[in-house]
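One structure is given here, and the rest of the page talks about it.
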Protein chains: 2
Amino acid sequence: MTEQRRTVYDALMEERNHPTAVEVFMRARNRMPSISLATVYNCLETLSSCGLVKTVNLERGPARYCPNNQEHAHFYCNDCGTVLDLPLRARRHPEDVWELPEQLSISHHEVAFRGVCPKCAMKAAQLPEQRENAQNTKE
Amino acid sequence: MTEQRRTVYDALMEERNHPTAVEVFMRARNRMPSISLATVYNCLETLSSCGLVKTVNLERGPARYCPNNQEHAHFYCNDCGTVLDLPLRARRHPEDVWELPEQLSISHHEVAFRGVCPKCAMKAAQLPEQRENAQNTKE
DNA sequence: CTAGGTGCAAAAGGTTTGCGGTTAA
DNA sequence: TTAACCGCAAACCTTTTGCACCTAG
């Protein structure tokens with residue numbers, strides 16, 4: 001565990017909002033201005049293979065990293081882009097929901113939900129009258 | 001639905017093994033030698049937004065495409081790279097397994113399992129003595 | 001002295017975009 | 001005629017790699 005790796009890890013822990021490598025890089029640079037993006041990638045890779053960090057790769061574009069190494073799924077808000085962690089219910093397993101062939105050995109799984117987060121849902125419900133004037137033409 | 005889109009769709013249907021865009025491109029070129037990779041990307045995007053094709057983005061590297069628009073999860077074999085479709089069990093929902101906050105509206109979900117597929121598990125069990133001579137240095 | 005880690009820059013994919021030309025309604 | 005689409009090439013973005021330097025054991 002070198003100084004750079006510690007820095008990257010601390011930067012990741014700073015705010016647990018699933019940052020991309022570039023975001024981690026920017027945070028890390030506040031702590032250690034000389035650090036380079038390549039080093040951040042290297043450190044994230046190292047931390048990931050140590051099991052200290054999880055790499056989340058559920059969308060196009062940059063990978064995201066999270067220090068939460070418990071079993072959990074992710075929820076992406078289609079409106080604001082926030083990522084939430086969803087814990088597994090007690091005594092429930094993904095295998096309960098999907099049909100798995102016999103002799104399939106599962107090493108791990110990645111699960112992502114998409115939708116609208118409570119905050120954005122509230123916002124959308126709060127401002128229905130404003131839509132007459134200017135409708136939001138979102139993708 | 002232009003000729004190119006039809007060609008791309010047929011190429012995708014040709015073998016339902018979750019090809020990458022480049023693989024679809026190669027298949028499509030057999031049917032229409034003049035087609036370009038950019039057009040394949042465009043067509044896949046169009047088909048995807050029509051709901052005819054699903055884009056699967058659960059790993060680093062190229063996106064994969066599948067014509068299966070039923071609810072299903074994916075299983076990636078760590079050994080041979082095969083992707084299998086896993087159907088949802090009857091009357092089961094992902095929400096049964098993960099703790100979702102109230103007022104979270106789910107539009108859809110993506111689920112991926114990883115492990116070793118039955119074929120590779122069998123192979124590994126069958127040929128333990130050959131590993132002394134020549135180990136396969138795969139990817 | 002040696003091994004491993006770092007920083008820089010460049011390369012390597014994978015995907016998207018701009019633009020001129022073509023096609024179909 | 002007009003709008004959408006295609007093909008090509010270049011751009012773009014994210015990630016990886018090669019290499020020289022540095023540092024700790």
Side-chain angles (χ1 to χ4, degrees), chain A residues 1-12 17-50 52-66 74 76 81 83 110 112 137-139, chain B residues 1-12 17-50 52-66 74 76 81 83 110 112 137-139:
Chain A
M1 179 62 85
T2 66
E3 201 190 339
Q4 281 84 352
R5 290 178 188 172
R6 174 100 242 153
T7 302
V8 167
Y9 187 69
D10 290 346
L12 188 62
N17 58 351
H18 307 79
T20 65
V22 171
E23 284 159 1
V24 174
F25 170 54
M26 291 189 299
R27 290 187 200 165
R29 217 165 26 175
N30 291 338
R31 298 158 182 268
M32 181 188 285
S34 69
I35 203 168
S36 77
L37 180 56
T39 298
V40 170
Y41 272 109
N42 287 336
C43 293
L44 286 171
E45 161 61 26
T46 307
L47 293 168
S48 181
S49 65
C50 292
L52 283 172
V53 163
K54 255 175 99 170
T55 306
V56 185
N57 237 316
L58 291 162
E59 50 176 359
R60 190 99 20 126
R64 297 178 168 278
Y65 299 88
C66 68
H74 291 110
Y76 292 79
V83 182
E110 292 175 61
T137 57
K138 64 178 171 350
E139 188 165 358
Chain B
M1 179 61 83
T2 67
E3 200 189 340
Q4 280 86 352
R5 290 178 188 172
R6 173 101 242 153
T7 303
V8 167
Y9 186 69
D10 290 347
L12 188 62
N17 59 351
H18 306 79
T20 64
V22 171
E23 284 160 0
V24 174
F25 171 54
M26 292 189 300
R27 290 187 200 165
R29 217 166 26 176
N30 292 337
R31 298 158 182 268
M32 182 188 284
S34 69
I35 203 168
S36 76
L37 180 56
T39 298
V40 170
Y41 273 109
N42 286 337
C43 293
L44 286 172
E45 161 62 25
T46 306
L47 292 168
S48 181
S49 65
C50 291
L52 283 172
V53 163
K54 254 175 99 170
T55 305
V56 185
N57 236 316
L58 291 163
E59 50 175 0
R60 193 101 18 129
R64 297 179 168 277
Y65 300 88
C66 68
H74 290 110
Y76 292 80
V83 182
E110 293 175 61
T137 56
K138 64 185 167 345
E139 188 167 358

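The chains referred to below are lettered A, B, ... by the order of the sequence lines, with proteins before strands, and numbering in each begins at 1.
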Measure the distance from [atom1] on [X] to [atom2] on [N] and round it to the nearest whole Å.
| X | N | atom1 | atom2 | value |
| --- | --- | --- | --- | --- |
| A:Gln4 | C:dG4 | CD | C1' | 12 Å |
| B:Glu3 | C:dA24 | CD | C1' | 13 Å |
| A:Asn42 | C:dG5 | CG | C1' | 8 Å |
| B:Glu59 | C:dG13 | CD | C1' | 14 Å |
| B:Leu44 | C:dG14 | CG | P | 15 Å |
| A:Phe25 | C:dC8 | CZ | C1' | 11 Å |
| A:Met32 | C:dG5 | CE | P | 15 Å |
| B:Glu45 | C:dT16 | CD | C1' | 10 Å |

Within the structure provided, determine whether [X] and [Y] are in side-chain contact (heavy-atom separation under 4.5 Å).
| X | Y | answer |
| --- | --- | --- |
| B:Asn42 | B:Val8 | no |
| B:Ile35 | B:Val40 | yes |
| B:Glu23 | B:Asn17 | no |
| A:Glu59 | B:Glu110 | no |

Roughly how far apart are B:Arg27 CZ and B:Asp10 CG, rounded to 0.5 Å? 11.5 Å
Rounded to the nearest 0.5 angstrom, the CD-OG1 distance for B:Glu45 and B:Thr39 is 13.5 Å
According to a strict under-4.0 Å criterion, is [X] in side-chain N/O contact with OP1 or OP2 of [N]?
| X | N | result |
| --- | --- | --- |
| B:Tyr41 | C:dT15 | yes |
| A:Thr39 | C:dG7 | yes |
| A:Thr2 | C:dT6 | yes |
| A:Arg60 | C:dT15 | no |

5'-most to 3'-most nt of DNA chain D touching chain A (<4.0 Å, heavy-atom partner on protein side) reads D:dT14 to D:dT17
Report which part of the nucleic acid B:Ser34 touches: base, sugar-phosphate, or nothing (heavy-atom distance under 4.0 Å, all strands). sugar-phosphate
Cation-pi check, A:Arg5 onto A:Tyr9 ring (under 6.0 Å, within 45° of axis): no
